[in-house]
> 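Right, I'll just put the structure down here and ask away after.
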Amino acid sequence: MAFTLATWNINSVRLRAGLVETLLTQEAPDVLCLQECKSPVDQIPLERFAALGYGHMVARGQKGYNGVAILSKLPLEDVGDRDFAGLGHSRHVAARLENGVVVHNFYVPAGGDEPNREKNEKFGQKLDYLSEMRDWFHEGRPEKAILVGDLNIAPREDDVWDHKKLLKIVSHTPVEVEALNAVMEAGAWVDVTRQDITEGKLYSWWSYRAKDWSAADKGRRLDHIWATPDISSSAYGSRILRDARGWEKPSDHAPVFATFDV
DNA sequence: ATGGTTGGCGTCCAA
């Protein structure tokens, strides 16, 4: 059975419920993983999504910050969440599809502005979060699993608009890239997006602060779709819906897609 | 070197 999955940092699911409806209507992924819902779970407008065929949801939320949700046309089993780095934030949730595939939805801490854990506690929390992800996947090697989300790191030189200019900018520093690569190695995760789109600049996020985000095109690939080796070769059709960044009152992130024939 | 924008909450914090 082939199914298409998308991941999108929505930056408030209540404010942008209309954009979620647009995406579900126009692109019709089977599963949509959202981050930064900024809403308690019981205030997510599930009825509006259910009316479009997305009646299944597994989510974790808190008031005002963070929050992750998995919306699906297909039945989901809630398989729990982890509070990496003990932050008490809603940044992870996992669900199992009926074909046995487990989907992990992550919102990794952004890490503040200063890439120095002595001066900036948030940067330390980001690195700790990634270390605990690494340790968890090392303890129990995942199988038939997909990991998606806003990982807040652009690992490759062609994942940012200017590699040299961003080496000291949080999201592209060598220590973060190493930490993310350690997570990948621990779980033997395959970067599905880059398996499909092997070359060239590729971005999923553009700052709100740019005057003309599209013309300036100073993007970063912060949003990822990974899979374990047993299913990664079944993936195809990866793409980033850049158009969504230009929709009315957009999120600063664009949705990332992949299809799996498991 | 700096400031630029957005959302949620509440008179500022996180991104």
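A, B, ... follow the sequence lines: proteins, then strands. Residue 1 opens every chain.
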> Rounded off to whole Å, could you give me the OH-to-C1' distance for the Tyr65(A) and dG10(B) pair?
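Going from OH in Tyr65(A) over to C1' in dG10(B) covers 10 Å.
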> Measure the distance from CG on Asn120(A) to C1' on dC13(B) and round it to the nearest whole Å.
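Those two atoms, CG and C1', are 14 Å apart.
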> Could you state the atom-to-atom distance from CG of Asp252(A) to C1' of dG8(B) in whole Å?
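Going from Asp252(A) (CG) to dG8(B) (C1'), I get 15 Å.
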> What nucleotide among dA14(B), dT6(B), dA15(B) has an atom nearest to a side-chain atom of Arg91(A)?
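Comparing dA14(B), dT6(B), dA15(B) against the side chain of Arg91(A), the answer is dA15(B).
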> Rounded to the Å, how far apart are Tyr107(A) OH and dG7(B) C1'?
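For the pair Tyr107(A) OH and dG7(B) C1', the rounded distance is 11 Å.
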> Given dG4(B), dC9(B), dC13(B), which nucleotide is nearest the side-chain atoms of Arg209(A)?
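Looking only at side-chain atoms, Arg209(A) lies closest to dG4(B).
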> Within less than 4.0 Å of OP1 or OP2 of dA15(B), is there a side-chain N or O belonging to Lys38(A)?
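Checking Lys38(A) against dA15(B): no side-chain N or O falls below 4.0 Å of OP1 or OP2.
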> In whole angstrom, give the distance that lies between atom CD of Gln62(A) and atom P of dG7(B).
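The answer, rounded to whole Å, is 18 Å.
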> Whole Å only: how far is the CG atom of Asn11(A) from the P atom of dC13(B)?
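Whole-Å distance recorded here is 18 Å.
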> Where does the angle between the aromatic ring planes of Phe3(A) and Phe260(A) fall among parallel (under 30°), tilted (30 to 60°) and perpendicular (over 60°)?
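Parallel: the ring planes of Phe3(A) and Phe260(A) meet at under 30°.
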> Give a yes/no verdict on a cation-pi contact between Arg220(A) and Tyr203(A), requiring under 6.0 Å between NZ or CZ and the six-membered ring centre and an angle within 45° of the axis.
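Because its charged atom misses either the 6.0 Å distance or the 45° angle limit, Arg220(A) does not stack over Tyr203(A).
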> Look only at the side chain of Asn120(A) and the backbone of Gly111(A), and say whether a donor-acceptor pair between them is shorter than 3.5 Å.
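Indeed, once roles are kept as given, a pair shorter than 3.5 Å links the two residues.
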> Provide the distance between the two P atoms, one in dT6(B) and one in dT2(B), to the nearest whole Å.
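The answer is 23 Å between these two P atoms.
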> When rounded to the nearest 0.5 angstrom, what is the spacing between NE2 in His92(A) and CG in Asp81(A)?
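If we round to the nearest 0.5 Å, His92(A):NE2 and Asp81(A):CG are 7.5 Å apart.
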> Please give, in whole Å, the distance from dT6(B) C1' to Asp150(A) CG?
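Rounded to the whole Å, the gap is 15 Å.
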> Using a cut-off of strictly less than 4.0 Å, decide whether Arg14(A) has a side-chain nitrogen or oxygen near OP1 or OP2 of dG7(B).
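Answer no for this pair, as no side-chain N or O of Arg14(A) is under 4.0 Å from OP1 or OP2.
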> Of the nucleotides dT6(B), dC13(B), dA15(B), which one has an atom closest to the side chain of Ala110(A)?
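The nucleotide sitting nearest to the side chain is dA15(B).
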> For Lys63(A), answer base if it contacts any base atom (sugar-phosphate contacts may also be present), sugar-phosphate if it contacts only those atoms, and nothing otherwise; contact means non-hydrogen atoms under 4.0 Å.
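Here Lys63(A) touches the backbone only, sparing every base.
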> OP1, OP2 of dT6(B) versus side-chain N and O of Arg245(A): anything below 4.0 Å?
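So the side chain of Arg245(A) is outside the cut-off, no N or O lying under 4.0 Å from OP1 or OP2 of dT6(B).
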> With a cut-off of less than 4.0 Å, is there a side-chain N or O of Lys122(A) near OP1 or OP2 of dA14(B)?
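Yes.
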> Within the side chain of Asp83(A), is there an N or O that forms a donor-acceptor pair under 3.5 Å with the backbone of Leu87(A)?
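Confirmed, Asp83(A) side chain pairs with Leu87(A) backbone.
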> Measure up the His104(A) and Trp189(A) rings against each other and bin them: parallel (under 30°), tilted (30 to 60°), perpendicular (over 60°).
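Ring orientation, 0 to 90° scale: perpendicular.
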> Rounded to the nearest angstrom, tell me the gap between atom CG in Asp113(A) and atom C1' in dG3(B).
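The answer, rounded to whole Å, is 12 Å.
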> Closest nucleotide of DNA chain B for Gly64(A) versus for Glu36(A): which of these residues is on the 5' side?
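It is Gly64(A), whose closest nucleotide lies nearer the 5' terminus.
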> For dC9(B) versus dA15(B), give the span between their C1' atoms, rounded off to a whole number of Å.
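Roughly 15 Å separates the two C1' atoms.
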> Considering only atom P, compute the distance from dG7(B) to dG3(B) and round it to an integer number of Å.
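The same atom, P, in both gives a distance of 22 Å.
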> Quantified in whole Å, what is the P atom distance between nucleotide dG8(B) and nucleotide dG4(B)?
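Nearest-Å result for dG8(B) against dG4(B) at atom P: 22 Å.
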